Amino acid sequence: MHDAGSGNGEEQPFIDNKRSLAQSDSWWSSICIWRLPVPVICRKMSLKKIFLLLVVICTVSLLLHKRDYLTWYKESFHVDCPVRLNSPPCQKPKHTNIVFLKTHKTASTTMQNLLFRFGELNNLTVALPIQACGHQFCYPRSFNTQFVHPHTLPANVITNHMRFNKTALQHLMPNDTIYITILREPVSMFESLFTYYSRHCESFKRVPNGSLEVFLNRPYNYYRPLEYDSSYAHNCLTFDLGGDKDWPANDVSYAQAFAAELDQVFSLVMISEYFDESLVLLRHLLSWNLEDILYVKLNMRTEDSKKSVAPDLLAKIRAWNSIDSYLYDYFNATLWRKLSEFGLVHVEREVQLLRDAQERLMKTCFGREEPLFRSTGEIKRKDLRPWKPNEKVDIVGYDLPSNISREAQKLCLKYIMPEISYTEVLLRSQSLRHSQSKRKSSQKPSVPQPPTHTLQPRHSHVSRNQQPASPAKGHSSVTGAKSILNPKSIPKKVVITKYKPKSPHTKA
Ligand SMILES: Nc1ncnc2c1ncn2[C@@H]1O[C@H](COP(=O)(O)OS(=O)(=O)O)[C@@H](OP(=O)(O)O)[C@H]1O
């Protein structure tokens, strides 16, 4: 075999002149690979060059065929790129305008906490209820923009409990808002509702010995459709989603039409039994990082607080909540279709990545792989105690060990903060930011300013390289100093009417 650099007379022109060398290389490469037998190739190329050529060919072919895996590999090292080629490009900013319809007993508090943290970290505005509404948007009344605290406008995110009202939300939120919600399997959901609200919901309070079986044998003996809090007792998901919980069960066309309508509005309907899988889809839908979907489970009952459901009650629960059951089946199938389209192998890998990251988070926060569960009474800090619906139901909460670093304390505190405390913390910080920005704008009288109680969004995306924000620092958008004010929509002033719930039941 000849060495191209050996000084052989025939090859001299290729060696002496760099340009002709390059030309000859590419010419020979094509001859070598495609046209001539190996001995001829070897006569004109050095071993080194052949080796390099093979390395290039292998690399290109690997990149072409295994691109998903390579991207995945990067992902596990916290590179921000999504794992799929048909996903948004890496540089796509994170989506920040979100309605999360917080349904009851579906893991929605865990999701709300995740959204609160995302909002804080990215200096977004989270719409919160006025004081008169408690920590919910005057549920069970249908959502109304007047229920929103003016200091939490213009909003990017809205997630506190409400009864869904698409028109009002469209009025409040920016045009590019993504709608998300979560459903839970009707049997376990109803058992949870029945136990949790056994002292609040009149329909449940009437049942002798608080027996689920007795209620299900003759629900209309105990259930009054027009009563306050009756939503917990019949098709609660349907009611939360703005539907008619009392539509006759034998008319399936109602459930079908309602599901189809919801499908048009919600880009993602999560399923609490597949919480992590749903989060994978959420992450891609919103172009978020893995870190953005980390969570600690909130609002769980202790095992002692759960009732076991006898097998013969399963069908009864589904029949009683027939619209909810239809919605669940429909959106469970939708979720799995989406997961399949995404690629189940990719989903599984990404779920594993999420769980690994969760494990690291638990170690940081609790010094071990599992968090330290505490029943409400055992939690030292008052603001970390979750709301306890009655003395028979105990809700799991958390305390942070004192031996973790200050930084870890600060980080982990928000992960374990119950719904009501976090809502209060956010309202305080956003109110402070609101008054600071008002002060600033009053110092610049020459520039025309929109009313501060505007319903317009501050901004719709955050860039990936943005620094975590300190919530009370100011009003400026993280995508630049200015918030996006859509001139087409005229800022509206909010008139706040006081709303007094009819029943004492609010979690606060
Ligand atoms: N990540 C995750 N995955 C699956 N399930 C979870 C998760 N986080 C919370 N939970 C369970 O959700 C139930 C509480 O739901 P919510 O927070 O929506 O309740 S509430 O309506 O806001 O009171 C409650 O169910 P029950 O314990 O059966 O009551 C929690 O255990």
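Whatever order the structure lists them in is the order used to number ligands and atoms, beginning at 1. Just so it is clear, the values below take in all heavy atoms, side chains as well, and ignore hydrogens, waters and symmetry mates. Here the structure is a predicted model, which is why all the values come from computation and not from measurement.
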| Numbered atoms and elements of ligand 1 in range of Tyr295, under 4.0 angstrom, heavy atoms | 1 (N)
| Do the ring planes of Tyr197 and Tyr232 sit parallel (below 30°), tilted (30 to 60°) or perpendicular (above 60°)? | parallel
| query | Of Cys236, Pro418, Ala107, which has the heavy atom at the shortest distance from atom 11 (C) of ligand 1? | reply | Ala107
| Is it the side chain (CB and beyond), the backbone, both or neither of Thr109 that lies under 4.0 Å from ligand 1, heavy atoms counted? | both
| field | Geometric class of the Phe164/Tyr179 ring pair [parallel <30°, tilted 30-60°, perpendicular >60°] | value | perpendicular
| request: Say whether Lys105, considering both its backbone and side-chain N or O atoms, lies within less than 3.5 Å of an N or O atom on ligand 1. | output: yes
| query | According to the interplanar angle, ranging from 0 to 90°, do the rings of His135 and His161 count as parallel (below 30°), tilted (30 to 60°) or perpendicular (above 60°)? | reply | perpendicular
| Going by the order shown, which atoms of ligand 1 are within less than 4.0 Å of some heavy atom of Lys306? | 27 (O)
| message | Below 3.5 Å, N or O to N or O, backbone or side chain included: is there any such pair between Thr106 and ligand 1? | response | yes
| Under 6.0 Å from the six-membered ring centre of Phe147 and within 45° of its axis: does the NZ or CZ of Arg141 meet both? | no
| message | Once you measure the plane-to-plane angle for Tyr254 and Trp247, does it fall in the parallel (<30°), tilted (30-60°) or perpendicular (>60°) bin? | response | parallel
| request: Any atoms of ligand 1 less than 4.0 Å from a non-hydrogen atom of Ser192? List them with their elements. | output: 26 (P), 28 (O), 29 (O)
| Ring centres under 6.0 angstrom apart (Phe194, Phe204) | yes
| message | With nothing but distance in play, are any N or O atoms of Arg184 less than 3.5 Å from an N or O of ligand 1? | response | yes
| note | Near Ser108 (heavy-atom distance under 4.0 Å), the atoms of ligand 1 are 16 (P), 17 (O), 18 (O), 22 (O)
| task | Scan for disulfide (SG to SG under 2.5 Å) pairs involving residues 250-288, sequence neighbours excluded, and state none if there are none. | result | none
| query | Which of the atoms in ligand 1, numbered in the order shown and given with their element, are less than 4.0 Å from a heavy-atom of His104? | reply | 21 (O)
| request: Assign the ring pair Tyr295 / Phe275 to parallel, tilted or perpendicular, where the plane angle (0 to 90°) is split at 30° and 60°. | output: perpendicular
| task | Output the list of atoms in ligand 1 that are nearer than 4.0 Å to some heavy atom of Thr103, sorted by atom number. | result | 18 (O)
| remark: Correct closest heavy-atom pair for Leu294 and Gln358 would be CA-OE1, 3.2 Å
| task | Using a strict cut-off of 4.0 Å, indicate which atoms of ligand 1 neighbour a heavy atom of Thr110. | result | 7 (C), 8 (N), 9 (C)
| field | Contacting atoms of ligand 1, where contact means under 4.0 angstrom from a heavy atom of Ser272 | value | 3 (N), 4 (C)
| said: What I want to know is whether Phe275 and ligand 1 share at least one N or O pair that is separated by under 3.5 angstrom. | reply: no
| said: So for ligand 1, is Lys102 a polar contact partner (N or O within less than 3.5 Å, distance only)? | reply: yes
| said: Less than 6.0 angstrom from the centroid, inside 45 degrees of the normal: does Arg163 satisfy that with respect to the ring of Phe239? | reply: yes
| ligand 1 versus His161, non-hydrogen atoms closer than 4.0 Å: side chain, backbone, both, neither? | side chain
